[in-house]
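Inspection log for the structure reproduced underneath, given as structure tokens.
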Amino acid sequence: MSSVSSAAPRPATLPEPKGFDAFLAIAIVAVIAACTRALFFTPIDAMLGAAQKIFYVHVPAAIIGLYFACGLLFISSIMYLWIKDERLDRLAESSAEVGLVFMGIVLVTGPIWARTSWGTWWVWEARITSTLFLWLLVMGYLVLRSGVESIEVRARLSAVMGTLAALLVPFIHLTVKLFRGMHPEPVVLAPEKPKMPPEMLMSFGLSMAAFLLLFFALLRLRFRWATLRDARAALEAA
């Protein structure tokens with residue numbers, strides 16, 4: 001009996017929460033620096049005026065929210081349905097929540113830019129409407145997660161919904177070509193070459209890098225929080 005009891009597993013312990021996050025601090029400083037350059041050291045667009053500077057926040061947020069966050073949501077959800085690794089479920093949840101923030105930035109900065117360029121805050125055209133619909137789908141994904149108690153059922157249903165939501169991204173990408181609307185065609189990712197002066201292109205590149213750093217810093221922080229939450233839940237259930 002003594003040998004059996006000595007071989008019993010020790011009680012699980014919670015991972016230690018991290019203190020100061022240097023990566024997040026660096027990302028925030030990089031975003032501030034990139035926005036400062038865009039505001040004060042980048043030429044004003046001759047046609048759109050100073051309002052064009054919203055571009056350096058709006059477009060990086062759109063690229064990261066749609067392609068990086070939703071792409072990661074799609075991949076991790078598909079992989080979870082295949083190998084059932086709970087870490088993939090946490091990664092999908094974290095990318096969805098951080099992606100929701102970046103898509104929210106898109107939906108806030110877009111109308112501000114539209115008001116100065118088009119004379120109206122909102123136009124129900126294909127790209128804008130489909131982006132709002134994707135934001136609502138990701139919000140629904142997070143609501144679903146909070147409404148299902150069973151860990152296995154929640155992870156499976158979330159993976160299915162996350163996969164379906166991310167499938168909207170290719171459609172959003174093609175809306176400018178498929179439907180005639182007021183939203184401009186791609187400028188940086190134009191097929192022939194970027195339609196921007198070198199100074200603006202440099203500012204965009206720095207903004208893109210800075211916001212990408214912020215995305216991965218927030219994703220890392222959110223994934224750590226999810227890991228700690230699940231470890232606490234497992235310890236309480238033991």
Side-chain angles (χ1 to χ4, degrees), residues 9-35 57 60-106 108 134-135 137-163 165-166 169 207-238:
R10 297 180 179 179
T13 57
L14 290 175
E16 290 293 329
K18 302 295 182 180
F20 177 74
D21 193 329
F23 186 25
L24 180 60
I26 292 171
I28 292 173
V29 171
V31 168
I32 293 173
C35 290
V57 174
I63 292 174
I64 293 169
L66 269 65
Y67 301 110
F68 283 86
C70 290
L72 199 54
L73 171 62
F74 178 80
I75 293 171
S76 52
S77 295
I78 287 288
M79 292 297 292
Y80 176 82
L81 292 172
W82 182 24
I83 62 179
K84 301 296 189 296
D85 190 328
E86 62 183 14
R87 291 172 296 181
L88 290 167
D89 179 52
R90 288 195 290 267
L91 181 59
E93 177 190 14
S94 302
S95 59
E97 192 162 312
V98 177
L100 191 74
V101 173
F102 279 87
M103 285 188 283
I105 294 173
V106 174
V108 169
L134 177 61
W135 187 89
L137 283 177
V138 176
M139 176 65 78
Y141 167 91
L142 296 173
V143 171
L144 171 67
R145 295 192 64 93
S146 65
V148 180
E149 293 185 2
S150 171
I151 296 175
E152 292 78 11
V153 174
R154 178 180 65 211
R156 186 172 64 253
L157 291 177
S158 299
V160 173
M161 185 171 182
T163 301
V169 173
S207 295
M208 187 68 211
F211 278 97
L212 199 55
L213 271 179
L214 182 62
F215 168 73
F216 283 114
L218 292 174
L219 181 68
R220 177 170 169 261
L221 189 65
R222 182 60 179 78
F223 184 82
R224 282 181 175 178
W225 179 86
T227 303
L228 183 62
R229 177 204 60 199
D230 291 350
R232 183 181 292 111
L235 190 60
E236 291 173 353

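Values below: all heavy atoms of this structure, side chains included; hydrogens, waters and symmetry mates excluded.
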I need the [X] [atom1] to [Y] [atom2] distance, nearest 0.5 Å.
| X | Y | atom1 | atom2 | result |
| --- | --- | --- | --- | --- |
| Arg220 | Ser94 | CZ | OG | 12.5 Å |
| Tyr141 | Ser77 | OH | OG | 5.0 Å |
| Tyr80 | Arg87 | OH | CZ | 12.5 Å |
| Arg90 | Trp225 | CZ | CH2 | 11.5 Å |
| Leu24 | Leu213 | CG | CG | 10.5 Å |
| Arg156 | Leu81 | CZ | CG | 9.0 Å |

Heavy-atom distance under 4.5 Å between the side chains of [X] and [Y], does that happen here?
| X | Y | result |
| --- | --- | --- |
| Met79 | Leu91 | no |
| Val98 | Phe102 | yes |
| Asp89 | Arg145 | yes |
| Glu86 | Asp230 | no |

Of all heavy-atom pairs between [X] and [Y], which one has the smallest distance, and what is that distance?
| X | Y | answer |
| --- | --- | --- |
| Val169 | Cys70 | CG2-CB, 3.7 Å |
| Ala61 | Val106 | C-CG2, 3.6 Å |
| Glu97 | Leu142 | CA-CD1, 4.0 Å |
| Ser207 | Pro60 | CB-CG, 4.1 Å |

Exercise for review: Inspect the contact between Arg222 and Glu93 and indicate whether a charged nitrogen and a carboxylate oxygen are less than 4.0 angstrom apart.
Suggested key: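 The answer is yes: the pair qualifies as a salt bridge.
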Review point. For the side-chain contact (heavy atoms from CB on, under 4.5 Å) test, which of Val57, Leu100, Ile64 pairs with Ile105?
Key: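 Single pass found, and it is Val57.
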Point to revise | Under 3.5 Å donor-acceptor, Ser95 side chain and Ala92 backbone | key: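 Side chain of Ser95 to backbone of Ala92: a pair is present.
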Practice item. Please check if atom CZ in Arg229 has more than 12 non-hydrogen atoms from other residues, nucleotides or ligands closer than 6.0 Å. Key: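 Yes, because the 6.0 Å sphere around CZ of Arg229 holds more than 12 heavy atoms from other groups.
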